[in-house]
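Here is the structure we will look at.
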Amino acid sequence: MTVLLVDDDFAVLDAMSDLLRDEGYTVGVAQSGREALEQLRRTEDLPSLILLDLMMPDMNGWEFREQQTRDPRIAGIPTVIVSANNPEETSRELGAEGFVRKPLDAAHLLEVVRVHCRPS
């Protein structure tokens, strides 16, 4: 199963990618909401889960979610907010399936991912 990581912080992307790949997940990465939307719209194999940062240049997490929920093809992909600032409240506001607080707790991240997909 594939997880799409959307975050502008390369160190965070690298750490999450390594952790998820070590657990058997296929990982895609995007460094902005715009890049994530472009990837999602051109791929045939959609991810099972999106882990979404909120604070990014070009297109932030709120703008990404607005576009995602308007596109029937990608609207149903479970999305989990990854943020240091009120992720629980923000995930409810954005209709996300959950949240992971930064700094990342590896065990919690894996628990959240396992809820939505199994390793391939």
Find the distance between [atom1] ([X]) and [atom2] ([Y]) and round it off to the nearest 0.5 Å.
X: Met1; Y: Cys117; atom1: CE; atom2: SG; value: 6.5 Å
X: Asp71; Y: Arg41; atom1: CG; atom2: CZ; value: 5.0 Å
X: Lys102; Y: Ser83; atom1: NZ; atom2: OG; value: 7.0 Å
X: Arg42; Y: Leu37; atom1: CZ; atom2: CG; value: 11.0 Å
X: Leu13; Y: Asp18; atom1: CG; atom2: CG; value: 10.5 Å
X: Met59; Y: Asp8; atom1: CE; atom2: CG; value: 14.0 Å

Shared hydrophobic cluster for [X] and [Y] (ILVMFWY, side-chain gaps under 4.5 Å):
X: Leu109; Y: Leu54; result: no
X: Ile77; Y: Val112; result: no
X: Ile81; Y: Leu4; result: yes

Minimum heavy-atom distance [X]-[Y], with the two atoms named:
X: Val6; Y: Ala36; value: CG2-CB, 3.7 Å
X: Glu35; Y: Val29; value: OE2-O, 3.8 Å
X: Pro78; Y: Ser48; value: CD-O, 3.3 Å
X: Arg65; Y: Leu52; value: CG-CD2, 3.7 Å
X: Leu5; Y: Ser17; value: CD1-OG, 3.4 Å
X: Thr2; Y: Gly28; value: CG2-N, 4.4 Å

Can any side-chain N or O of [X] pair as donor or acceptor with the backbone N or O of [Y] at less than 3.5 Å?
X: Gln31; Y: Asp7; answer: no
X: Glu63; Y: Asn60; answer: yes
X: Asp105; Y: His108; answer: yes
X: Arg73; Y: Leu46; answer: no
X: Thr43; Y: Gln39; answer: no
X: Gln68; Y: Ile74; answer: yes

* Should Val80 and Val115 count as side-chain neighbours, where that means a heavy-atom distance under 4.5 Å? -> no

* Asked: Are Glu88 and Arg92 within salt-bridge range, i.e. N to O under 4.0 Å?
  -> yes

* Asked: Stepwise, does the side-chain contact (heavy atoms from CB on, under 4.5 Å) test hold for Leu19 with Tyr25?
  -> CA-CA 9 Å; Leu19 177 66; Tyr25 296 96; over 6 Å; no

* Could you walk me through whether Glu66 and Arg70 pass the salt bridge (charged side-chain N to carboxylate O under 4.0 Å, His left out) test, one step at a time? => CA-CA 7 Å; Glu66 183 178 327; Arg70 289 183 181 175; 2.9 Å; yes

* Neighbour count above 12 (heavy atom, 6.0 Å) for Asn85 CG -> no

* To do: Quick one: do Phe64 and Ile50 satisfy side-chain contact (heavy atoms from CB on, under 4.5 Å)? Show the steps, please.
  => CA-CA 11 Å; Phe64 171 85; Ile50 298 169; 4.0 Å; yes

* Evaluate the side-chain contact (heavy atoms from CB on, under 4.5 Å) criterion for residues Leu20 and Leu110: first the C-alpha distance (whole Å), next the side-chain angles of each, then the deciding distance (0.1 Å), finally the verdict. => CA-CA 8 Å; Leu20 293 172; Leu110 290 174; 3.8 Å; yes

